[in-house]
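For reference, positions follow the sequence shown, starting with 1. Since the model is a prediction, treat every value here as computed from it, not as a measurement. Just so you know, ligand 1 is whichever comes first in the structure, and atom 1 is the first atom listed for that ligand.
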Amino acid sequence: MAINLRGQSVLALDNFTPDQLRFLLDMARDLKAAKRSGFEQPRLNGKNIALIFEKDSTRTRSGFEVAAHDQGAHVTFMGPSGSHIGQSETIKDTARVLGRMFDAIEFRGFAQADVETLAQYSGVPVYNGLTDDTHPTQILADFMTMREFTHKTLSDIRFAFMGDGRNNMARSLAVGAAKMGMDLVIGSPPSLRPEAAFITHIDDIARTTGGTVRFEADARQAVSGVDFIYTDVWLSMGEDAARWGERIELLKPFQVNAALMAATGNPVTKFLHCLPSFHNTDTVIGADMAKRFGITAMEVTDEVFESPASIIFDQAENRMHTIKAILVATLA
Ligand code: CP
Ligand code: NVA
């Protein structure tokens, strides 16, 4: 059956079939090649896209802005302040206003319910640019990058996510891996595993595709034989900064360092990270952690971050190409 995503929102990967996800990944690959060769065709001339960011962003914002610009669309950025959203106007009212002016809306914020309300009441496609629950556009970039750095098909890939097994990245990688029939091991302490209902949901998806998602408390076991190791910050945006100490204690054994890369037993394992990352003390938070807890890196060491195994900047670039595929597929 022909795949047609026109008019569709991207709120979570759960709403997409494996074929639809492959369609978006193929389109992103083609759009990347077209841009590189100088033959990209703008297919979104005259479209207007609202970009709402309740949380900070470098990649997602830039990805949407550049992708829209390349395709001839205009964007309007609304940051954490400067509009009425949340303070003096409800999401439901905002949705109905923006839906009268814009052809699509991107939303980064806290509650998944908010992005769903926007989609329900705006009448235009809404794209989830990260919520506390999920980060679907990131996963497309991750899988695109995996495809670029291995000859394996996605369903033959085995990878590990190390860190907070309950956060938005772990959850979305789990859904994505299950959808694409991949083998994912989430290396995480038992206290940072998602609730049973979520695990059952993932297992139900994986059963239909031949994928597996399992949780492993031993970091070295988690990475054994994997093609990719993926990690993310130990405390996500919006979480209480008072939890840093507790999180560092819990997640220290899951740090991606040279010893953990070697524990894969695979000399060509590649390193992925959605970014931003605390791999040195050159950020405000990194310096503060060094002062308070005596550590110079958190989820990944600078050595691994800067190593040839690290493909994080290809991954970051692919945010733009995959976001562009979403815009073209849903709006052109
Ligand atoms: N990975 C990611 O979403 O990055 P930003 O927070 O910079 O958008
Ligand atoms: N888990 C991180 C992902 C950032 C892209 C956060 O939500 O802050």
Side-chain angles (χ1 to χ4, degrees), residues 10-13 28 49 51-68 75 77-80 106-112 114-115 127-146 161-176 186-188 192-194 198 228-244 247-248 250-251 254-256 271-279 283-286 289 298-300 305 310-324 326-327:
V10 181
L11 306 180
L13 295 180
I49 304 169
L51 306 180
I52 304 173
F53 282 84
E54 291 182 339
K55 292 175 177 170
D56 290 337
S57 168
T58 298
R59 281 143 289 270
T60 309
R61 176 181 177 178
S62 308
F64 272 97
E65 293 212 10
V66 174
V75 297
F77 176 79
M78 289 175 233
E106 178 277 353
F107 175 83
R108 165 173 288 198
F110 297 87
Q112 180 70 15
D114 285 347
V115 77
Y127 314 116
N128 179 350
L130 179 148
T131 61
D132 291 346
D133 288 7
T134 191
H135 196 5
T137 67
Q138 175 73 50
I139 306 307
L140 287 175
D142 302 340
F143 290 177
M144 177 179 188
T145 312
M146 288 184 187
F161 174 85
M162 307 301 285
D164 178 358
R166 304 164 316 171
N167 82 4
N168 45 15
M169 283 312 309
R171 285 172 193 270
S172 1
L173 284 167
V175 177
I186 299 185
S188 194
L192 292 180
R193 284 183 193 165
F198 179 78
F228 300 91
I229 297 183
Y230 196 124
T231 191
D232 182 20
V233 290
W234 289 345
L235 199 74
S236 288
M237 289 183 278
E239 288 196 284
D240 185 355
R243 304 200 87 129
W244 269 119
R247 226 26 99 67
I248 288 169
L250 273 172
L251 287 170
F254 299 87
Q255 182 190 61
V256 183
F271 171 69
L272 292 161
H273 192 313
C274 51
L275 304 179
S277 161
F278 297 117
H279 57 97
T283 60
V284 172
I285 292 178
M289 293 303 122
M298 287 198 271
E299 73 277 3
V300 57
F305 187 92
S310 175
I311 53 172
I312 50 183
F313 297 112
D314 295 279
Q315 183 185 7
E317 176 189 334
N318 286 338
R319 293 298 312 284
M320 194 279 285
H321 303 297
T322 43
I323 285 169
K324 190 184 283 176
I326 289 170
L327 296 180

Subject >> Candidate pair N168 and D132, rule side chain to side chain contact (heavy atoms under 4.5 Å, CB included), full reasoning >> reply: CA-CA 6 Å; N168 45 15; D132 291 346; 5.7 Å; no

**OP:** Please lay out, stage by stage, how T60 and E106 fare under the test side chain to side chain contact (heavy atoms under 4.5 Å, CB included).
**Re:** CA-CA 10 Å; T60 309; E106 178 277 353; 4.0 Å; yes

Original post:
What protein heavy atom sits nearest atom 4 (O) of ligand 1, and how far off is it?
Top reply: R59 NE, 2.8 Å

Original post:
In the protein, what heavy atom is nearest to atom 2 (C) of ligand 1, and what distance, to one decimal place, separates them?
Top reply: R319 NH1, 3.3 Å

Subject >> M169 to Y230 - nearest heavy-atom pair and separation >> reply: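 Heavy atoms of M169 and Y230 come nearest at CE-OH, 3.2 Å.
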
**OP:** Just go through T58, T137, L130 and tell me whose heavy atom is the nearest to atom 7 (O) of ligand 1.
**Re:** T58

Subject >> Option nearest atom 6 (O) of ligand 1 (shortest heavy-atom distance, choices R61, R108, H273, M237) >> reply: R108

Original post:
Distance under 6.0 Å and angle within 45° of the ring axis: does R61 meet both against F53?
Top reply: no

Original post:
What class does the angle between the rings of F278 and W244 fall in, given that below 30° is parallel, 30 to 60° is tilted and above 60° is perpendicular?
Top reply: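 Perpendicular.
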
May I ask you to list the atoms of ligand 1 that are less than 4.0 angstrom from any heavy atom of [X]?
| X | value |
| --- | --- |
| L275 | 1 (N), 2 (C), 4 (O) |
| H135 | 2 (C), 3 (O) |
| Q138 | 1 (N), 2 (C), 3 (O) |

**OP:** Take H321 and N318, measure what side chain to side chain contact (heavy atoms under 4.5 Å, CB included) needs, and give me the verdict at the end.
**Re:** CA-CA 5 Å; H321 303 297; N318 286 338; 3.5 Å; yes

**OP:** Run the salt-bridge test on R247 and D164 with the 4.0 Å N-O cut-off and return the result as yes or no.
**Re:** yes

Original post:
Just by distance, with hydrogens left out, do Q315 and D142 show a side-chain donor and acceptor under 3.5 Å apart?
Top reply: yes

Ligand-protein N/O pairs under 3.5 Å (ligand 2):
unit_1: ligand 2; atom_1: 1 (N); unit_2: N168; atom_2: OD1; d: 2.8
unit_1: ligand 2; atom_1: 1 (N); unit_2: D232; atom_2: OD2; d: 2.6
unit_1: ligand 2; atom_1: 1 (N); unit_2: S236; atom_2: OG; d: 2.7
unit_1: ligand 2; atom_1: 7 (O); unit_2: N168; atom_2: ND2; d: 2.8
unit_1: ligand 2; atom_1: 8 (O); unit_2: M237; atom_2: N; d: 2.8

Subject >> Verdict with reasoning, E299 to D232, per side chain to side chain contact (heavy atoms under 4.5 Å, CB included) >> reply: CA-CA 7 Å; E299 73 277 3; D232 182 20; over 6 Å; no

